[in-house]
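Nothing here was measured: the structure is a model prediction, and the numbers come from that model. Chain letters run A, B, ... following the sequence lines, proteins first and then strands; every chain starts at 1.
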Protein chains: 2
Amino acid sequence: MYEMTRETLTRDRILRGALAVADTGGLAALTIRSLATELGVKPMAVYHYVANKDEILDGLVDQVFSEIDLPSPEGEWREEISRRMVSARAALRRHPWAIALMESRRTPGPASLSRHEATLATLRQGGFSVVAAAHAYALIDSYVYGFAVQETSLPIGRPEEMGEVAREIMETFEGAYPYMTEIATEHVMQPGYDFGDEFEIGRELVLDALEVLRRRGG
Amino acid sequence: MYEMTRETLTRDRILRGALAVADTGGLAALTIRSLATELGVKPMAVYHYVANKDEILDGLVDQVFSEIDLPSPEGEWREEISRRMVSARAALRRHPWAIALMESRRTPGPASLSRHEATLATLRQGGFSVVAAAHAYALIDSYVYGFAVQETSLPIGRPEEMGEVAREIMETFEGAYPYMTEIATEHVMQPGYDFGDEFEIGRELVLDALEVLRRRGG
DNA sequence: ACCTGAACACCGTTCAAGT
DNA sequence: ACCTGAACACCGTTCAAGT
């Protein structure tokens, strides 16, 4: 009879377990009980490492932030910020529950703070004034978060289903929505369409807007 | 002994009650039981007008969309879209729980559909090609939703507290975050600072970007 | 030190019943 | 037709206990 050396519980193992549960079943599936099952432990064991569920949720948000590439202040600002935007969007797509969580979390974790600092450093080194950097920061995050909101609330990620939904809407409402019908037939339902491709287009426009801010100094 | 003519329950009264509860206490405070109390009724009465809580949440999202001014396709596109952005941001600020809800709702309600249609109509009438309108739409909503995410996750809306939090962060981490310190002292903690003011700056930049899209046709 | 069982005050929801 | 009470299977969390 050999020993099952189940490694001891840690705060980190709890957070990684919570991330796995949320990724698999969504935020609603993440309960202390389901998390305990995932960890192979009884529910109450969790409370020896975190004060309550809120602390787990705060930790989850910071985990997601930690997956986002930091821009390098030494690099060319446009390139660095662009990379950061791509990386942030990818992280939010991997963890579609994260946006809903961010709304309720008010205490930024270490990964969130590092990200703020690195981004500001990159902008300032890139020639943005303090005020321009503030404007730029708000615009960058608005775009990235907002795109994530749209992407996660799309009718089930896959493009094919997108077309299906568009077709259904068209059929149900017939001529009631001519412009939606137009964009559906001429754009959304065309082969190769993928809403995700919009990200690059908007990103370039946002980067152009940042350059305007940089030049005019605020 | 006079009669309390408590008007009969309706789906609409339920949704308005739910909106009131969510606005007052947040999404977590909205339970079938708390809603019933708000309506002066027993929990189970609610189930005669809605199938389940999910239907209430779907209804709430559409209520919020219904508060957003529709752009007029007859007006000048930039003016109309600008007004719509301002109105959308105001609605999302009145109902800070709405963004978190949008992420999980996949069936657009009537107000949401009307809004899509009116916006597309305005863009198309304003000279945007079908493809340019699609790009424009994604950019507009990304900016508005993303700004709302940031605004609602700010350390308690009020600017004064904003400064307080910034000061705390500075004191706690001392020299660890020089660029955050810089922006805090030189910008955020200055009298008159209000993160909400960033909205207009980003909005103008987004509108400029839309004009680029319109001109180049996609 | 690390984990557990039983219990409490909550949820959403079903079902059978009251007027 | 419109509302209710009791009950069920869930929650997060406390507290006292086990090894």
Donor-acceptor pair, distance only, cut-off 3.5 Å: does the side chain of B/Arg84 make one with the backbone of B/Ser72?
no
Return yes if some donor-acceptor pair links the side-chain N/O of B/Asn52 with the main-chain N/O of B/Glu55 below 3.5 Å, else return no.
yes
So, are A/Arg115 and A/Asp62 salt-bridged, with charged N and O less than 4.0 Å apart?
no
Can you pull out the residues from residues 44-58 of chain A that lie within a 4.0 Å heavy-atom distance of DNA chain C?
A/Met44, A/Ala45, A/His48, A/Tyr49
Counting Watson-Crick and G-U wobble pairs whose two distances are both under 3.5 Å, find the runs of 3 or more in a row that involve DNA chain C.
C:4-8 with D:12-16, C:12-16 with D:4-8
Please examine the side chains of B/Phe65 and B/Met102, heavy atoms only from C-beta on, and report whether any two atoms are closer than 4.5 Å.
yes
Between A/Val130 and A/Arg124, is there a side-chain heavy-atom distance shorter than 4.5 Å?
yes
Result for salt bridge (Lys or Arg N to Asp or Glu O under 4.0 Å) between A/Asp58 and one of A/Arg106, A/Arg105, A/Lys53 points to A/Arg105
Atom pairs and distances, donor-acceptor, side-chain atoms in residues 195-202 of chain A, under 3.5 Å, two or more places apart:
| from | atom 1 | to | atom 2 | distance (Å) |
| --- | --- | --- | --- | --- |
| A/Glu198 | OE1 | B/His135 | ND1 | 2.6 |
| A/Glu198 | OE2 | B/His135 | ND1 | 3.1 |
| A/Glu200 | OE1 | A/Arg203 | NH2 | 3.4 |

Where the side chain of A/Thr8 is defined as all heavy atoms beyond and including C-beta, which of C/dC3, D/dT4, C/dT13 is the nearest nucleotide?
C/dC3
Round to the nearest Å and state the distance from [X] atom [atom1] to [N] atom [atom2].
{"X": "A/Ile32", "N": "C/dG5", "atom1": "CD1", "atom2": "P", "value": "17 Å"}
{"X": "B/Arg33", "N": "D/dA6", "atom1": "CZ", "atom2": "P", "value": "13 Å"}
{"X": "A/Leu39", "N": "C/dT4", "atom1": "CG", "atom2": "C1'", "value": "15 Å"}
{"X": "A/Lys42", "N": "C/dA7", "atom1": "NZ", "atom2": "C1'", "value": "16 Å"}

Would you name the heavy atoms of B/Leu35 and B/Val21 that are closest together and state the gap between them?
CA-CG2, 4.5 Å
